[in-house]
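We're numbering straight along the sequence, starting at 1.
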Amino acid sequence: MYSMISYWLKCYRHECGLTQQQVADRLKIERSTYTYYETGKTKPDINTLIKIAKVFNISYTQLLEGIEDDLEEAVADIHSGEPNEEDTMKYRTHATTKYEVELLFVVRNLTPKQRKEVMTLAKKLVSETEASK
């Protein structure tokens, strides 16, 4: 099952320009083991997450970004109704949503000029939305 940890592993690996084999070699594990982490077939333990974070030159907590969303989905499956708006807002102020993560991944792959254009457009859209309220 794909998870936020899986997503971040792939995202940071691409950002560092590394192959799965290169990451596995640095971790001294089989490539298939690392591939299982990226596909969500298995999850790395905390010690492995710390080692992976060192490979990507980030804090291990960055690999845990958004896992509250995974937990929220699991809890939502248990409950029969939709979460109320207050609960949804509580999570959104403390965790990055999957949509925001996807948007961040897209923006990181843009050129600086394209990023500036996206930011200009986003600010314009926010201004228009606020003006129409």
Say you draw a straight line from [atom1] of [X] to [atom2] of [Y]; how long is it, rounded to the nearest 0.5 Å?
X	Y	atom1	atom2	answer
L49	Q62	CG	CD	12.5 Å
I58	C16	CD1	SG	7.5 Å
T19	Q22	OG1	CD	3.5 Å
I50	T61	CD1	OG1	10.5 Å

Pairwise side-chain contact, Y60 with I46, heavy-atom cut-off 4.5 Å (strictly under):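 Sidechains of I46 and Y60: in contact.
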For atom CG of D45, is the number of surrounding heavy atoms from other residues, nucleotides or ligands below 6.0 Å larger than 12?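 Check passes, neighbour count above 12.
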Under the side chain to side chain donor-acceptor pair (under 3.5 Å) test, which residues partner [X], sequence neighbours left out?
X	result
T42	none
N47	none
T33	none

Pair listing, salt bridge (charged side-chain N to carboxylate O under 4.0 Å, His left out) test, anchored in residues 14-29, at least two apart: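 Output for this query lists E15-R108.
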Can you list every pair that meets ring-ring contact (aromatic ring centres under 6.0 Å, His included) and has a residue in residues 16-39, with sequence neighbours left out?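 Those involving residues 16-39 do not exist here.
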Quick one: list whatever passes ring-ring contact (aromatic ring centres under 6.0 Å, His included) with F56, sequence neighbours left out.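 Scan of F56 (ring-ring contact (aromatic ring centres under 6.0 Å, His included), adjacent residues dropped) gives none.
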Does E38 use its side chain to pair, donor to acceptor, with the backbone of T35 at less than 3.5 Å?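 No; zero donor-acceptor contacts below 3.5 Å.
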Keeping R13 on the side-chain end and L18 on the backbone end, is there a donor-acceptor pair under 3.5 Å?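 A pair under 3.5 Å: yes.
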If hydrophobic residues (ILVMFWY) are linked whenever their side-chain heavy atoms come closer than 4.5 Å, directly or via other members, who joins L125 in its cluster?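 Other cluster members: L121.
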List for me each residue that meets side chain to side chain contact (heavy atoms under 4.5 Å, CB included) alongside S32, sequence neighbours excluded, and say none if there are none.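 Checked S32 against side chain to side chain contact (heavy atoms under 4.5 Å, CB included); matches are E30.
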Provide the full list of side-chain hydrogen bond (donor to acceptor under 3.5 Å, both in side chains) pairs with a residue in residues 115-132, sequence neighbours left out, each pair given once.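 Listed once each, the pairs would be none.
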